[in-house]
Amino acid sequence: MPELPEVEVLVRQLDHLLRGRKVRTVKVRRRRVLGKTSPKKLAVALREATFTGVTRRGKFLLFNFLPAKTRTLSVLLGHLGMTGRMYLSPQDAPLPKHAAVVLDLGPENFIFEDTRYFGKFTLDTTPLARLGPEPFDKTFTSKKLAERLRNSSQPIKTKLLDQSVVAGIGNIYASEALFRAGVSPVTPARQLTPKQIKRLWTAIRQVLSQAIRFGSTVPLNYGGDNSKDNLFYFGTAAEASDFYEERLRVYDREGRPCSKCGTAIQRIFQAGRSTFFCVRCQN
DNA sequence: CACCATGTTCCTTG
DNA sequence: CCAAGGAACATGGT
């Protein structure tokens, strides 16, 4: 489930697992995820390189590493797309069907698997330049948000998915933030009142930080299934369903009662994607 | 078979 | 040049 909160929790795990680890070899099984970087270039850059840490920008993962030869700190950009996963796996474990890139770290492999291959694992960092502010950065103010919405006639839901407005919100948390703010997803961005924008600004930060907290406390799937050792994910596991109800109030709840007023949650399509909301509580 | 899915980028149109 | 809309990418679940 890769939106900002899921990426943040994963990044914390990977930072811990990869810091100080050295890469022996690089296997590229799906060229497409490398984007503009050639498999050879990636292999040369990473061979004998040491990871110095993993950080996040929007939904991107930044793998900082020290190459073997140049001694110049470099960065590898990762993105999970819709279905990407990254984890460590014992070297004798069979590779998953959709392993896109495998890094041999010695006793373990770092695996980037991605069923749909929409994700990225590349030395090309140009996508970062297009990102708007981090939701928790002090530069992301209510005023800043207002500025970015002022000239747009697009529905506010669609604008929230625009990573240049604010980085990290995806289809799930866009609906959730609008519900918390009591703002209708179909409102043209430029028509939001300052009061609504302030509520939305607060809701965005609340929804995201609550999800990070949830992801940090929910039991992680590090064992049980040998083939998924050290795999992190959360959200749909049956054990988590009790939390799930609390966590997502509108997303994927079409026809079910609004948690505030009981009215059936509606689903509409905007910019080719589903939006869920309460017609009574959001206007 | 039909439709839906956590995302980004590219192309076209106005 | 910019904003907006839609298709493309690729695979699997229901």
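Note that this is a predicted model, so its numbers are computed, not measured.
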> Residues from residues 163-171 of chain A sitting under 4.0 Å of DNA chain C, heavy atoms only?
Replying inline: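 The answer is none.
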> What do you reckon, are the aromatic ring centroids of Phe121(A) and Phe63(A) less than 6.0 Å apart?
Replying inline: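 Here the rings of Phe63(A) and Phe121(A) have centres that are less than 6.0 Å from each other.
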> When the nearest nucleotide of DNA chain B is assigned to Phe269(A) and to Arg130(A) on a heavy-atom basis, which residue is associated with the more 5' position?
Replying inline: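 On the 5' side of the pair lies Phe269(A).
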> Less than 3.5 Å between a donor and an acceptor, one on the side chain of Arg116(A) and one on the base of dA5(B), is that the case here?
Replying inline: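 Answer yes: a donor N or O sits under 3.5 Å from an acceptor.
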> Which atom pair, heavy atoms only, marks the closest approach of Arg280(A) to Thr263(A)?
Replying inline: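 Shortest heavy-atom contact: CD-OG1, 3.6 Å.
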> Which atoms form the tightest heavy-atom contact between Ala177(A) and Ala203(A), and what is the distance?
Replying inline: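 Shortest heavy-atom contact: O-CB, 3.4 Å.
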> Between Glu8(A) and Arg12(A), is there a side-chain N and carboxylate O pair less than 4.0 Å apart?
Replying inline: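 Salt bridge present between Glu8(A) and Arg12(A).
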> Hey, are Glu134(A) and Arg57(A) close enough for a salt bridge, meaning a charged N less than 4.0 Å from a carboxylate O?
Replying inline: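 Judged by the 4.0 Å cut-off on N to carboxylate O distance, Glu134(A) and Arg57(A) do form a salt bridge.
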Does [X] have a side-chain nitrogen or oxygen under 4.0 Å from the phosphate oxygens OP1 or OP2 of [N]?
X: His98(A); N: dT11(C); answer: no
X: Ser153(A); N: dA4(C); answer: yes
X: Gln154(A); N: dA3(C); answer: no
X: Arg190(A); N: dA4(C); answer: no

> Phe118(A) stacking on dG7(B): centroids under 5.5 Å, ring planes under 30°?
Replying inline: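 Here the ring of Phe118(A) and the base of dG7(B) are stacked, with centres under 5.5 Å and planes under 30°.
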>> Can you tell me how the ring of Phe51(A) sits relative to the ring of Phe110(A), calling it parallel under 30°, perpendicular over 60° and tilted otherwise?
In response: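 It falls in the tilted class, 30° to 60°.
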Without decimals, in angstroms, what is the distance between [X] [atom1] and [N] [atom2]?
X: Glu113(A); N: dG12(C); atom1: CD; atom2: C1'; value: 13 Å
X: Asp114(A); N: dG7(B); atom1: CG; atom2: P; value: 13 Å
X: Asp162(A); N: dG7(B); atom1: CG; atom2: P; value: 13 Å
X: Arg57(A); N: dG7(B); atom1: CZ; atom2: P; value: 17 Å
X: Lys157(A); N: dG5(C); atom1: NZ; atom2: C1'; value: 14 Å
X: Leu77(A); N: dT9(B); atom1: CG; atom2: C1'; value: 14 Å

Sugar-phosphate only, base, or nothing, as touched by [X] at under 4.0 Å among non-hydrogen atoms:
X: Arg32(A); value: sugar-phosphate
X: Ser274(A); value: sugar-phosphate
X: Gly272(A); value: nothing
X: Lys120(A); value: nothing

>> Against the six-membered ring of Phe179(A), is Arg249(A) placed for a cation-pi contact (under 6.0 Å from the centre, within 45° of the normal)?
In response: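 Here Arg249(A) fails the 6.0 Å and 45° test against Phe179(A).
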Shortest side-chain distance from [X], nucleotide among [options]:
X: Arg267(A); options: dA5(B), dA4(C), dT11(C); value: dA5(B)
X: Ser152(A); options: dG12(C), dA4(C), dT8(B); value: dA4(C)
X: Lys59(A); options: dT11(C), dA5(B), dT8(B); value: dT8(B)
X: Arg273(A); options: dA4(C), dG12(C), dG7(B); value: dG7(B)

So, [X] side chain and [Y] main chain: donor-acceptor pair closer than 3.5 Å or not?
X: Thr217(A); Y: Phe214(A); value: yes
X: Thr37(A); Y: Leu123(A); value: yes
X: Asp15(A); Y: Arg19(A); value: no
X: Glu176(A); Y: Tyr251(A); value: yes

>> Please report the distance separating the P of dT9(B) from the corresponding atom of dG12(C), rounded so that it comes out in whole Å.
In response: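 Looking at atom P only, dT9(B) and dG12(C) are 24 Å apart.
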> When Watson-Crick pairs (N1 to N3 and N6-O4 or O6-N4) and G-U wobble pairs (N1-O2 and O6-N3) count only below 3.5 Å on both distances, what is the dot-bracket string of DNA chain C, with | for other-strand pairs?
Replying inline: .||||||||.||||
